[in-house]
Amino acid sequence: MDFIMESHYIKVMPFLLEGLVYTLLITGVGLLFGFILGAVFGLARLSKNKFIYGIATVYVEGLRGTPILAQILFIYFGLPDLLGLNIDKVSASIIAIAINAGAYIAEIVRGAVYSIDKGQSEAGRSIGLTKVQTMRYIIWPQAFRRMIPPLGNQFVISLKDTSLFSVIAVGELLYMGQQYYGITFAAFEALTMVCLMYLLITVPTAVYLRRVERRMDV
């Protein structure tokens, strides 16, 4: 029993659990703001106003066309240098997840809304609803249902992307694993447990999403 408790597989766990809190915090809060950005820019991508469409397109293509690692370094080192502000590591991480995921979620939103039959919109307008009311009461509920599986996939992607924040020394899961084997030199055990911790979140999420897809027939 003492042998088990002295194992690096067990001793690394307090480090990893502390890192897991930051990983889930950054992913959850970042995706919350990412969804807001994605909804705004996704609907803007459907606008017939060329200026609004252009702004949304620059945002979406600009963020999707650059590596998230470059975005992280730009937010943490570039923006403070430009604006003379101090951005702490966790805030920079949340901002990076939010704006990066927001670009991908914008395309999810655009695709989901676009997939709703145009007859639904025409039916709403024919019964006297405004364009906004038609979107709110008829189009959006149906579109949101179709967004759920890809939003779940985005959660998994953003969760794994948090490992990149180790470059700015954010105490997320991978960084805490590195801290442990930096002290003990038990790299194999620490990194094995880091990978298992990610799998314990991503595999059940993927299984759940497949069930949701089958249940919703989307």
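In the hydrophobic clustering of ILVMFWY residues, with side-chain heavy atoms under 4.5 Å counting as a link, Val132 and Ile138 come out apart. At a threshold of 4.5 Å between side-chain heavy atoms, the hydrophobic network of Ile, Leu, Val, Met, Phe, Trp and Tyr places Phe77 and Leu69 in one connected group. Each of Ile75 and Ile72 belongs to its own hydrophobic cluster when Ile, Leu, Val, Met, Phe, Trp and Tyr are linked at side-chain heavy-atom distances under 4.5 angstrom. A continuous path of Ile, Leu, Val, Met, Phe, Trp and Tyr side chains, each step under 4.5 Å between heavy atoms, connects Ile97 with Leu164, placing both in one hydrophobic cluster. Val194 and Met13 fall within a single hydrophobic cluster, where Ile, Leu, Val, Met, Phe, Trp and Tyr are joined by side-chain heavy atoms under 4.5 Å apart, directly or via other members.
Here the OG-CD1 distance, from Ser115 to Ile139, works out to 9.5 Å after rounding to the nearest 0.5 Å. Between atom CE of residue Met135 and atom CG of residue Leu129 there is a gap of 12.5 Å, rounded to the nearest 0.5 Å. One finds the CG atom of Leu196 at 5.5 Å from the CE atom of Met193 (value rounded to the nearest 0.5 Å). For the atom pair CD1 (Ile157) and CG (Asn100), the distance works out to 9.5 Å, reported to the nearest 0.5 Å. Taking CG from Leu191 and CG from Leu174, the interatomic distance works out to 7.0 Å, rounded to the nearest 0.5 Å.
Within the 4.5 Å cutoff, the side chain of Tyr198 has heavy atoms near those of the Ser163 side chain. Residues Gln120 and Thr134 are not in side-chain contact: their nearest non-hydrogen atoms beyond the backbone lie 4.5 Å or more apart. Residues Val170 and Thr162 form no side-chain contact, since every pair of their non-hydrogen atoms from C-beta on lies 4.5 Å or further apart. Using a 4.5 Å cut-off on side-chain heavy atoms (C-beta onward), Ser7 and Glu189 make no contact.
Between the side chain of Ser166 and the backbone N or O of Ala169, no donor-acceptor pair lies under 3.5 Å. No donor-acceptor distance shorter than 3.5 angstrom exists from the side chain of Ser121 to the backbone of Asp117, with no hydrogens or angles considered. Side-chain N or O atoms of Tyr114 include none that pairs as donor or acceptor with a backbone N or O of Val109 at under 3.5 Å.
Evaluation of the side chain to side chain donor-acceptor pair (under 3.5 Å) rule for Ser93 yields no partner, not counting sequence neighbours.
For Pro80 against Phe74, the heavy-atom pair with the smallest separation is CD-O, 4.5 Å. Taking both residues in full, the closest heavy atoms of Gln71 and Leu63 are given as NE2-O, 2.9 Å, listed atom of the first, atom of the second, then distance. Considering all non-hydrogen atoms of both residues, Gly124 and Ile127 come closest at O-CG1, 3.1 Å. Residues Ala106 and Val60 approach most closely at CB-CG2, 3.8 Å, considering heavy atoms. When every heavy atom of Ala92 is checked against every heavy atom of Tyr76, the shortest pair comes out as CB-CD1, 3.8 Å. The two residues Leu16 and Met176 have their closest heavy-atom pair at CD2-C, 4.4 Å.
Residue pairs meeting the ring-ring contact (aromatic ring centres under 6.0 Å, His included) criterion with at least one member in residues 150-177, sequence neighbours excluded, do not occur. Note on residues 47-69: pairs passing salt bridge (charged side-chain N to carboxylate O under 4.0 Å, His left out), not counting sequence neighbours, are Arg45-Glu61, Glu61-Arg64. Sorted by first and then second residue, the ring-ring contact (aromatic ring centres under 6.0 Å, His included) pairs involving residues 124-145 (not counting sequence neighbours) form an empty list.
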Would you mind writing out the side-chain donor-acceptor pairs for residues 22-44 within the sub-3.5 Å range, not counting sequence neighbours?
unit_1 : atom_1 : unit_2 : atom_2 : d
Thr23  : OG1    : Gly19  : O      : 3.1
Thr23  : OG1    : Leu173 : N      : 3.0
Thr27  : OG1    : Thr23  : O      : 2.7

Please output the side-chain donor-acceptor pairs of residues 82-89 that fall under 3.5 Å, not counting sequence neighbours, one pair per line with the distance.
unit_1 : atom_1 : unit_2 : atom_2 : d
Asp88  : OD1    : Val90  : N      : 3.2
Asp88  : OD1    : Ser91  : N      : 2.8
Asp88  : OD1    : Ser91  : OG     : 3.1
Asp88  : OD2    : Ser91  : OG     : 2.7

Between Ile201 and Val156, does the side-chain contact (heavy atoms from CB on, under 4.5 Å) criterion hold? Intermediate values first, please. CA-CA 8 Å; Ile201 302 170; Val156 172; over 6 Å; no
Do Ser126 and Glu122 pass the side-chain hydrogen bond (donor to acceptor under 3.5 Å, both in side chains) test, and can you show the C-alpha distance, the side-chain angles, and the key distance before you say yes or no? CA-CA 6 Å; Ser126 68; Glu122 293 169 358; over 6 Å; no
Between Arg146 and Ile116, does the side-chain contact (heavy atoms from CB on, under 4.5 Å) criterion hold? Intermediate values first, please. CA-CA 10 Å; Arg146 297 183 180 182; Ile116 303 301; 3.9 Å; yes
Between Ile168 and Leu73, is the side-chain contact (heavy atoms from CB on, under 4.5 Å) condition met? List the steps. CA-CA 8 Å; Ile168 58 172; Leu73 296 175; 4.2 Å; yes
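Here Tyr180 and His8 bring their ring centres to under 6.0 angstrom of each other.
Counting non-hydrogen atoms of other residues, nucleotides and ligands closer than 6.0 Å to OH of Tyr9 gives a total above 12.
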